[in-house]
Amino acid sequence: MKGLPKSKRRNWTFRVSVVLFSRFDSRFLGWSCWVYVQIENYAGLDQTAPSDAIGVLGAAEYDGRPSPVFRARLDHARELYNRGIAPLIITLGGTSGDEYSEGAGGPRST
């Protein structure tokens with residue numbers, strides 16, 4: 001490399017850097033696509049199995065009425081119950097200073 005002028009050496013270094021980066025970039029893109037496909041395939045699996053009970057973790061409740069998140073959890077628990085996954089639904093949660101606790105607010109709203 002000592003025989004090459006400075007401008008040609010810089011040009012050669014730049015080309016090598018671009019080739020190495022493009023190889024890394026294409027491998028990273030391929031790996032990212034593979035991971036995405038794996039996640040999509042796994043997320044679509046229904047892995048429900050018979051159980052003794054369905055536990056519903058509490059979220060916010062407002063004077064005995066569940067928040068939208070808690071409502072979605074309760075609806076999903078009801079769907080599992082109707083499918084015969086478990087004979088019992090248990091709501092869990094502490095008090096948030098209201099008259100009802102999160103766990104007690106769930107059954108009142110179903």
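The figures here come from the full heavy-atom set of this structure, side chains too, leaving out hydrogens, waters and symmetry mates.
Counting heavy atoms from C-beta outward, Phe70 and Leu57 have side chains that stay 4.5 Å or more apart. Within the 4.5 Å cutoff, the side chain of Thr91 has heavy atoms near those of the Leu74 side chain.
Residues Arg71 and Pro66 approach most closely at NH2-CG, 3.7 Å, considering heavy atoms. Scanning both residues, Ala77 and Ile89, for their nearest heavy atoms gives O-CD1, 3.7 Å. Summarising the geometry of Ala59 relative to Ser67, their closest heavy-atom pair is CB-OG, 3.9 Å, with the distance given to 0.1 Å. The two atoms that bring Ala53 and Ser51 nearest to each other are O-OG, 3.2 Å, heavy atoms only.
Qualifying side-chain contact (heavy atoms from CB on, under 4.5 Å) partners for Tyr42, counting only residues two or more places apart in sequence or in other chains: Leu45, Gln47. A search for side-chain contact (heavy atoms from CB on, under 4.5 Å) contacts involving Leu80 returns Thr48, Ile54, His76, Arg83, Ile85, not counting sequence neighbours. With sequence neighbours excluded, no residue forms a side-chain contact (heavy atoms from CB on, under 4.5 Å) with Ala72.
A 6.0 Å sphere centred on CG of Asp52 holds no more than 12 heavy atoms belonging to other residues, nucleotides or ligands.
Linking ILVMFWY side-chain heavy atoms closer than 4.5 Å, directly or via other members, places Leu29 and Trp34 in two distinct hydrophobic clusters.
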